[in-house]
Amino acid sequence: MGRYIFRRLLNLIPVLFGITLLVFLFLHLIPGDPAIVMLGDRATPDQVEALRERMGLNEPLPLQYLAFLGNLVRFDLGSSIFTGVPIIREILIRWPATFELSVAAMLIALVLGIPAGVLAAVRKNSWLDNLTMSGSLIGVSMPVYWLGLLLVYLFAVNLQWLPPSGRISVDAGLSFEPITGFYLFDTLIQGDFAAFQDVLAHLALPALTLSTIPLAILARITRSAMLEVLSQDYIRTARAKGLLELRVIFKHALKNAMLPVITIVGLEFGTLLGGAILTETIFSWPGIGKWIYEGILSRDYPVVQGGVIFVATAFVLINLLVDLSYALLDPRIQYK
Amino acid sequence: LVNCGSPTDTTTSEVDPAAAPEGGAETTALVYGSGGQPVNLEPGNITDGNSIIVQQQIYDRLIDFEPGTTDLVPSLAEEWTSSEDGLTWTFTLREGVMFHDGTEFNAEAVAFNINRWWDPEFEFGYRDAGRLYEIWGYLFGGERGSEDSILADVVVTGDYSLDLVLNQPFAALPAALASGYFGIASPTAIQAGTDYGTPSGAAIGTGPFVFEEWRSGDRIVLSANPEYWNEGFPVEEQLVITFVEDPAARLAQLRAGTLDFTVDLTPDQLAEIEGDTNLEAVYRPSFNVGYLALNPSYEPLATPEVRQAIAMAINKPAIVEAFWGELGLTDGHFTPPSMEEYQSAAVDDYEYNPDTARQMLADAGYPDGFELELWYMPVSRPYFPNPKPIAEAFAAELSTIGINVTLQTKDWGAYLEDRNTPPGFQSFMLGWTGDYGDPDNFLYAHFGPGATDDIGKWEDEQVFSLLNDARAESDPDARAEMYAQVDEILFNEALRIPIVHSQPLLAKRSNISDWTPSPLGSESFEAIEKS
Amino acid sequence: MTTTTPASTQPWQRFLKQRSVQRFLQSTSGLIGLGLTLLIVLMAALAPVLRPYDPATDRNYAARLQSPGAEYLFGTDGLGRDILSQVWYGLQTSLLIGLVAVAIGMVLGVALGLLAGYFRGRLETVVGWLTDVMLAFPSILLAIAIVTVTGPSVVSVMFAVGLVQLPKFIRLTRSMVLSLREQEFVQTVRAFGATPPRIILRHIFPASLAPIVVQATLAIGTATLEAAGLGFLGLGAQPPTPELGTMLSDAFKGGYSLSSPWTILFPGLFITLTVLAFNLLGDGLRDALDPKGGR
Amino acid sequence: MNSSAPLPVLDVRQFSVEFRSKVETVEAVSQISFVLNPGETLAIVGESGSGKSVTSLGVIGLLPTKAIQTGEILFRDPNQPDAKPLNLLALDNEERRSYRGGIISMIFQEPLSSLNPVYTCGNQVTEAIRLHQQVSREEAKERAIALFREVQLPDPEGIVNRFPHQLSGGQQQRVMIAMALAGNPSVLIADEPTTALDVTIQATILELLREIQQRRDMSVIFITHDMGVVAEIADRVVVMYRGHAVETAPVYELFARPQHPYTQGLLNCRPRPDQRLKRLPTVSDFMTVTTNESGELEIHSKVHSSEEEQALLEQVSPTETQAHYDALQQQAPLLTVRNLTKAFPVRRGFFSKASVLNAVDDVSFEVYPGETLGLVGESGCGKSTLSRCLLRLIEPTAGEIIFDGQSVIELDETSMRQLRRRMQIIFQNPYGSLNGRQTIGAALMEPMIIHNLYDSEEARRDRAVDLLNRVGLDSSALGRMPHEFSGGQRQRICIARALACEPSFIICDESVSALDVSVQAQVLNLLKDLQKEFGLTYIFISHDLSVVKFVSDRIMVMNSGHIEEMGPADAVYNHPQEEYTRQLIESIPTAKLDSIKARQAEKELVG
Ligand SMILES: Nc1ncnc2c1ncn2[C@@H]1O[C@H](COP(=O)(O)OP(=O)(O)OP(=O)(O)O)[C@@H](O)[C@H]1O
Ligand SMILES: Nc1ncnc2c1ncn2[C@@H]1O[C@H](COP(=O)(O)OP(=O)(O)OP(=O)(O)O)[C@@H](O)[C@H]1O
Ligand SMILES: [Mg+2]
Ligand SMILES: [Mg+2]
């Protein structure tokens, strides 16, 4: 296992290298001079030239890239042009928000999607199956931000059951101190249950919105994986042993069916992180997605650069974790 | 969880963390919904409204504005006088004022702040990554050492007095210093670290509220300054500024009671505000202009008649009525209506008349019209809360006189940058909100020397000399006369066609009182009371 | 291919008799999807006929934000435009973007996948690395990045969304080729001395077509969604081109999305219907062409 | 055993199974009846699709719910001989389940896919134990180890904690058997338990099953399509044909005096290594099948006299063989292979040195024009790799290949393509060897197009029709698609296509292994005929020594990449020089009457 992990980590290197290269190239392809953006539109050409010199923008691209890599390995992603805040610090503040949201969404997707898929597979072609499958098909077909707007309209504006946006209400936010940045966790360890409830209420709509696509996809994948597994020889063997059908499904089929599902969970994390851009915008969620988006709009190059590299890396690492858990679940994998 | 409680008595200004939100959405602290997070809290280093309004709560400036107007009132400076020749301004400072960090406010502190903004060589100017305190150079001609710098020297003449020595007379100097950028910060705090004014750093002023905490992307928390020199203020103990970018979300939060008051709503939201009995609409006095700029360096637009034809072809009243309703008015002046004294009575707006416009185009040699690129802003600003459909409306109107409009936009930074890069945009939408109550701030900034890159480096000797003379002139009537002349010329030139002077829409919950919005876009919240 | 055997039946009868066609005809989702797709394509195609209306100029400020009613079936937007006709024309744009984007992604992706899978070696390493890197970005983020470079426009969106689809097609094709090239019928043709182009074009490509077609159909849905997402972020079609995502964005940024919910309801609904149509069709095609295929 | 006939454990009466779908109704099993006596091994044989598996699944109750079953399956517990027999088909699901895995248990063909990959072998066996016996976890584990020992798994304690993929095929099948034994079954159903295994392993598994059956005195239903295996293991035999039980007889009876023409066909169409037949008889030499008006099958015997039978079984004399052999050897070799090696890199770690696997290891041999060189060896020994190297479908690592004077390895792309006119290969799987999207006509004409043979479309078409006729098909096949043909027909098409460019040398890589014995016989005959007609040279690859022996002039035995021994077919078979070859030969089920008799007698004694 140790070797396997090591090998997987080594395999990451070219991908991470590619990510940085791609992001670096993108930002240098964007029309417009970063120096002018930084200096504002009243700067004189001399000032711009001086800044370009200082920022190393006059160096040949490969050298710039090397310098950029050099900084990167020292976790120095530069500072925001506009606020001057170091990117890495901003990421540390914002990542928990995005991560909490994504994990909540993924949990919803797992908790609802997998049982739905199993049920649909076991009761194949029943009304239950049809309902789940049409539901999930509609789920993957909906623009999430649209669903988000509708949910806000319904639950926050009309019914006023849930807050329309933000991460925590002002009062609850005043009474507690973020420690880890994961508000659910922070409120709990501080014993502030009112604030916990408040955080939960704020999380509900964005997490639900964000979860639709993974939920739908997980239900579909689980179903097809279950159907596939249920047709396997070893299921016939399990039945031939005289096992109860429930045990056949939950012991023998489910664990095998989870293998493809787990891969999808990893991939869907990417969808979640991407979907966070839109969802966070709608719900004023102070996470990475919204930050990157604002960075793009305001041409805050270091923000975009740092943010995108971070998200891509996070995604790659999450996939790695998922793959490793796959290896735990599937004894065959380490030998492949 | 939200909004299910009764509007219980929340007059208590004590913050009681234990009395958590259980009961209802109403919060104990005063909560302001900002349209975005400040860039930073370092005076002089920002130009955006979101930063200014927060700084306004933390810092005092030498001179302030009378609430709701652009009239100057003493703040940290109790008195200011100009010498005969207009080249020396003497300020007498308020005594006994303390910064939030307990250090004393005095003339040295003021000099420290001004040097910071003005002097590129100043040791404690954090021009990180080559950044400038650009607003200073912009309002005062340039940095120290530059030719055009209006300021020549800062001279501390006593503990509580100092002189600003000028290179040329500048009548609007006090007003310019009063603009929201120039809060006086604690020199001690500034010297303490490079992250001054960032979320992890400090922000120390003398203002009504003390900076407590800035959670990036989420909120800034301020508390009342118990030592505030203006006795009896602030009224509320705690002020929380939360960032909600999207106007619909802001209004939704206001309706849900998680915000107490907010700004930068779109005119279309007025109906929604009026439909909610818990809310009241608040209008910011108009002090802006949204305009359509026509760049004469684009061949067809070089002829003034063509520009005038365009002005006539656009049904401004109908558009303003449609998009702003009662929140906007349109006239022929570039300066807002509150500057009536500087405007020419002779200027009446172009009459909407596509037929005449078509004729004029034909006379100018364009019987079949021409192609025109029109750039619209990608962002919402008080003067154009929703630029895109308005641009589409222009396009539709112009198509009726044969001008075929292609709409274009870019991200905001590029938009601002590229319009100044020759040859610039053929035509574009932009606007302006005054920094202080002087026409100089509107007219010089758009038609003065060096301010016309985006309209093809347009030059008019007469306008330039009038604007320069008015700067030096200290007699108000004479100045008014000069600006009126400029007003007339500009009207006929039709270079930046004023479309609207809007009243930005704000809203508050009905239990909020004594909020007096400033025409300049930012005001102190010290008097606001939450009941 | 060119053999002419006396056809015992009409070509269309033979077509209907094919096993895959039979399977498709038995797939409920496929039939619904086909119907819905045809309906939507028809609606988009017929927009100018059914609503001779210029969405760029036809507007009525006096009638801004009218709620749905007899005169405006879907209400009007912030510019006083009839949302029904906006949706109608927006559908055109969205469909066009979806189709062209997928065409871009598919043609490039399949070509690269075929070459990389067949010739292996360094080409495969590079292509594989490229897909890995591209897949490391959440797709919408990648699309945003591309549009930021190229500037917002319908063409940029097509390009961006197409490129984002690319790695999926490369992977799919490559994996198909990898298994096909070892299969006996391909080996046999190689043993006959067929040249690589012939093997790839005549044998490997047609054999991998079914999953590619399925993937492409589903990708049209995804692409439409992604394009609408870009539109929603203001990076999509520029006015006066109506586009469904941009309509949502206009309503949202205009601040009237909640007070005039119809301005978002209908554009969103039609995005959903379009995507749903292609997803259903894709499902049906998979049942028909690729019964053992994934997802 | 008591002389009075024991009461049967299972009594299957008029059992029928139908599968109904929207399109059609398939009667997979129709009205079959048989009994299974205590302690007896009953074999069910028949070609693919004859309903063997459906029957066995019906007995254990694992048919899908859509299957409609009629008739009776009466079960009588041998431990309670006086109890009334129970109709299993009448039980409800829950009761049926309680018999499964306990009193009646089953093992399947594919050992790897029949074991759950994510649980250890121990886990899977203890689960079965605890399901049918009230024992603690530890106890169950003890018993599992005991079972593993009983099925002669090495290191039973270790295997408990291993996952199925960590075992070899034979070991996996032993685990399956252990699992089936977990509930102390009275009836064990084994559905082709050895078909997926190499002959040598098959032999040990058969031996094991035989031994366990005797020790436990179980009744076993053994399903197979291989008459050789039947001879090795069965006491009585049911022969199935298209869902019908056409003959039921004790094993010796069946082999000595097959009654039904189908049985006769089955018995004879499998090549026997101890004979050298001119051509193989096929089932269709023994019978014709028609369907009467009411849709029922009617089988008519073709062979009525022993002369007729004798004619079918005409042998080649050893002198003839020798003469042919000598003639071949006098020519210059068509193909010479010297020190051929193909190494595959086997990567273990990212940085750890890539080790290599020599799939073909220093192989040298010659093939003479008009000869058939047979190549046998166990699965994975490198047969296919060798054949692909010869055609340069994969690049050999080292060595020389000289074909007709040309060094194959040194040829450039174009000359290589030219050469491929003359060297062909026919693969194992007739389903995979034809492009499913091409008509048969297009497939046949493709090689001609590639090599620019025949200048007109017409000419190519004519040639294609010729080829089809030659392999026994007619021109109507041209416009049809591969899936419209049976496996045997497809393989004929593949052969026709291989002949399209008039090659002189053809490699048959397991070309008949996927076919039913009877079809296999037809194809083997065809290959022989073609060789005679066109003077072809073959390398014939198979894992089945009896098949190889039937077609080959010389045999080459391969083992883990290298050649064990090579020589004239009869010599290798009769006087193997190497231990490996000897084992290979001994493992082949021979179906000799004497050995059946001996085995039955031995069993009587023990019983
Ligand atoms: N689930 C099913 N649905 C429909 N038809 C089936 C099903 N299972 C089996 N059949 C049909 O029943 C017939 C007998 O199949 P069965 O599996 O018993 O054959 P077999 O003798 O075991 O063949 P093999 O040697 O290939 O295993 C075949 O024609 C098959 O197509
Ligand atoms: N492309 C490859 N890469 C690595 N190893 C390979 C490759 N192809 C074959 N091998 C290995 O080479 C050995 C010989 O394989 P080959 O297919 O030639 O065996 P075979 O005798 O044809 O077996 P079978 O009877 O199962 O067809 C096997 O151990 C196999 O795992
Ligand atoms: Mg079977
Ligand atoms: Mg092989």
Side-chain angles (χ1 to χ4, degrees), chain A residues 31-33 35-43 47 50-51 54-55 79 81-85 89-90 93-94 97 149 152 156-157 160-176 178 192 194-195 197-198 201 281-284 286-287 290-291 294 296-300, chain B residues 1-4 15 17-22 25 27-29 31 36-40 45 47 126 128-132 134 137-138 195 197-200 215-219 221 238 240 242-246 248-250 252-253 255-256 258-259 378-379 411-414 416-420:
Chain A
D33 186 342
I36 295 183
V37 177
M38 288 181 79
L39 288 176
D41 51 332
R42 302 268 159 185
Q47 289 166 338
L51 179 61
R54 197 136 25 101
M55 289 171 69
S79 303
I81 289 179
F82 293 103
T83 64
V85 178
R89 192 185 295 162
E90 194 79 43
I93 294 172
R94 289 181 179 255
L149 289 174
V152 169
V157 175
Q160 306 224 339
W161 287 352
L162 291 165
S165 57
R167 237 189 130 184
I168 186 168
S169 68
V170 169
D171 274 2
L174 288 173
S175 69
F176 99 109
D192 191 342
Q197 271 187 15
D198 181 74
T281 305
I282 288 169
F283 289 97
S284 291
K290 190 169 133 235
W291 180 59
E294 285 162 9
I296 288 173
L297 288 189
S298 60
R299 290 187 147 203
D300 201 334
Chain B
L1 291 173
V2 178
N3 229 34
C4 42
V15 181
E22 286 304 316
T27 52
T28 50
V31 186
Q37 110 166 312
V39 169
N40 64 50
N45 201 2
T47 51
Y126 299 128
D128 37 298
R131 194 141 15 104
L132 304 166
E134 57 184 76
Y138 175 51
D195 57 355
T198 68
S200 56
R215 277 185 212 159
S216 188
D218 181 17
R219 65 177 63 184
V221 181
Q238 197 157 28
V240 178
T242 64
F243 321 129
V244 189
E245 281 74 10
D246 158 50
R250 273 204 303 284
Q253 287 207 17
R255 293 182 65 177
T258 51
L259 297 179
V379 295
D411 73 67
W412 190 218
L416 291 176
E417 178 186 327
D418 293 355
R419 78 176 213 279
N420 278 325

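Keep in mind it's a predicted model, so treat the numbers as computed, not measured. Every chain is numbered from 1, with letters handed out A, B, ... down the list of sequences.
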* Structure fact -> To the nearest 0.5 Å, atom CG of B:D218 lies from atom CD1 of A:I93 at 10.5 Å

* Tell me, do B:E245 and A:K290 make a side-chain contact under 4.5 Å, heavy atoms counted? -> yes

* Is it the backbone or the side chain of B:V221 that comes under 4.5 Å from a heavy atom of chain A, or both, or neither? -> side chain

* Work out which heavy atom in B:G217 is nearest to a heavy atom in A:P286; give both atom names and the distance. => O-CB, 3.1 Å

* In terms of heavy-atom proximity below 4.5 Å to chain A, should B:T242 be classed as side chain, backbone, both, or neither? -> side chain

* Measure A:R94 against the heavy atoms of chain B and call it side chain, backbone, both or neither at under 4.5 Å. => side chain

* By salt bridge (charged side-chain N to carboxylate O under 4.0 Å, His left out), which residues pair with B:R250, not counting sequence neighbours? -> none

* Asked: Is a side-chain donor or acceptor of B:Q253 paired with a backbone partner of A:S165 at a separation under 3.5 angstrom?
  -> yes

* Non-hydrogen atoms of chain B under 4.5 Å away: do they reach the side chain of A:L149, the backbone, both or neither? -> neither

* What are the two closest non-hydrogen atoms of B:V244 and A:S284, and how far apart are they? -> CG1-OG, 3.2 Å

